[in-house]
Amino acid sequence: MLRPKIPTNPAPTLQASPPVAVGSTTVVPSIQASPLAPVAPAPPRPTVQLTPGTALALVAGGTAVVLVVGAVLVSMLLAVAITGASVAVCALVIRSLVNADAKRH
């Protein structure tokens, strides 16, 4: 009842060709090639020169990024805090209404 059904492989439709014998090959030494011309060394990578203006721009850019990311994180934290406080106030109001209704009966 719980035996797995194993699929059977279909019979191959293509006929295999018999292997072909390959004759041995001989290695013939070739004439020695002349050595290549020396390759010129690659020029060194250009160095980044940090001028006072560039350093000031980098510092200003980094400060702007930090301020923006901080503002986004603080606003998200504030949104979570406000949501939590409003849920707590709603819970107190609902509890008060339920208790007042229970005392009436």
Side-chain angles (χ1 to χ4, degrees):
M1 180 175 159
L2 297 176
R3 285 188 188 162
K5 294 183 179 181
I6 300 173
T8 58
N9 290 334
T13 57
L14 299 175
Q15 293 187 4
S17 60
V20 178
V22 178
S24 65
T25 57
T26 59
V27 177
V28 178
S30 64
I31 300 173
Q32 186 72 6
S34 62
L36 298 174
V39 179
R45 290 182 10 191
T47 57
V48 178
Q49 294 180 355
L50 200 58
T51 62
T54 308
L56 186 61
L58 285 175
V59 169
T63 304
V65 168
V66 167
L67 288 177
V68 169
V69 170
V72 169
L73 291 177
V74 167
S75 64
M76 289 172 61
L77 180 64
L78 186 60
V80 169
I82 290 172
T83 303
S86 64
V87 168
V89 168
C90 289
L92 287 175
V93 169
I94 291 173
R95 188 173 115 189
S96 169
L97 291 174
V98 168
N99 284 341
D101 191 37
K103 286 183 182 180
R104 222 182 274 166
H105 288 211

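Note that these values count all heavy atoms, side chains included, but never hydrogens, waters or copies made by symmetry. Computed from a prediction, not measured in an experiment: that's the story for all the values here. The chain is numbered in sequence order, starting from 1.
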Enquirer: Leu97 and side chain to side chain contact (heavy atoms under 4.5 Å, CB included): which single residue from Asn99, Ile94, Val93 fits?
Expert: Val93
Enquirer: Apply side-chain hydrogen bond (donor to acceptor under 3.5 Å, both in side chains) to Thr51 and list each qualifying residue two or more places apart in sequence or on a separate chain.
Expert: Thr54
Enquirer: CG/Leu78 to CG/Leu73 distance, rounded to the nearest 0.5 angstrom?
Expert: 12.5 Å
Enquirer: Could you tell me whether the side chain of Thr63 and the main chain of Val59 form a donor-acceptor pair under 3.5 Å?
Expert: yes
